[in-house]
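Only one structure is covered here, and it is reproduced in the block below.
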Amino acid sequence: MRKNIVAGNWKMNKTLTEGVELAKKLTTILTENKPNCDVVIGTPYIHLSEVAKTVDTSVIGVSAQNCADKVSGAYTGEISAAMVKSTGANYVILGHSERRAYYGETDAILKEKVNLALNNDLTPIFCIGEVLEEREAGKHFEVVTTQITDGLFHLSAEEFSKVVLAYEPVWAIGTGKTASPEQAQEIHAYIRKTVNDKYGSEVADNTSILYGGSCKPSNAKELFSNPDVDGGLIGGAALKSEDFHGIITAF
Ligand code: PEP
């Protein structure tokens, strides 16, 4: 059966000391209150190694927020999937809308990143989602289909089974506007059907599809109670241990 997952995306927040402090707090909380879902924290690159040493990675998975689309070499400022793996991290967020919008990440680039993540035994948390104009024009189904098809459907069924999907409507990210539980269920069911059409029901049923976009303790339960919503990718509310734990306890 597919896993329920609550994954935090710290984005470009917290110094190393603050990040380790948050990881310690979460470890204490989750040791005392065993979660009913998998928990992942996506930290800035420079935190990965320290955070991976701080947490028990079998209780809290550690994720990068990106990796390079090249194996190694003369790519100043880039961090490879192998480097991420060497820190003790076991996940990588790929295709976040901020990377797509501000750093020109195309589906073709993301395809390379997905391949490198899988080759290095990292679980990709692959983000898809439409912007407001696309939602208003009724193009959201088309948009997510293209993102999944061009970014992921080159994978074999075995490879695809290692990927976690995160549906994040861009209009809900950091805006305080959340997709309604009905909107989330509708598109998550559509995404699962798209996976089913390509890889069959066993793969589709086992694919975790997370919702992301202004998820908080007050709305997590309603969102996660939908049959095709298998957890959340959390931005702002992942920065405080109490809020993040409040979302985890929705399961
Ligand atoms: C995100 O950026 O992945 C996200 C979901 O952010 P927020 O929860 O702050 O909307």
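Numbering of ligands and ligand atoms starts at 1, following listing order.
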Query raised in the report: Do Thr145 and Tyr190 come within less than 4.5 Å of each other through their side chains, counting heavy atoms only?
Result: yes
Requested in this report: Output yes when Lys11 and Glu98 qualify as a salt bridge under the 4.0 Å nitrogen-oxygen rule, no when they do not.
Outcome: yes
Requested in this report: For the pair Glu142 and Lys139, find out whether any cationic side-chain nitrogen is under 4.0 Å from an anionic carboxylate oxygen.
Outcome: no
Query raised in the report: For residues 113-122, which residue pairs qualify under side chain to side chain donor-acceptor pair (under 3.5 Å), counting only residues two or more places apart or in two chains?
Result: Asn66-Lys113, Glu105-Lys113, Asn115-His154
Report summary line: Per the under 4.0 Å non-hydrogen criterion, ligand 1 touches Asn9, Lys11, His96, Glu168, Ala172, Ile173, Gly174, Gly212, Gly213, Ser214, Leu233, Ile234, Gly235, Gly236
Query raised in the report: Taking all non-hydrogen atoms of both residues, which atom of Ser214 and which atom of Thr178 are closest, and how far apart?
Result: O-OG1, 3.1 Å
Query raised in the report: Knowing that exactly one of Asp205, Thr207, Asp230 qualifies, which makes a side-chain hydrogen bond (donor to acceptor under 3.5 Å, both in side chains) with Arg192?
Result: Asp230
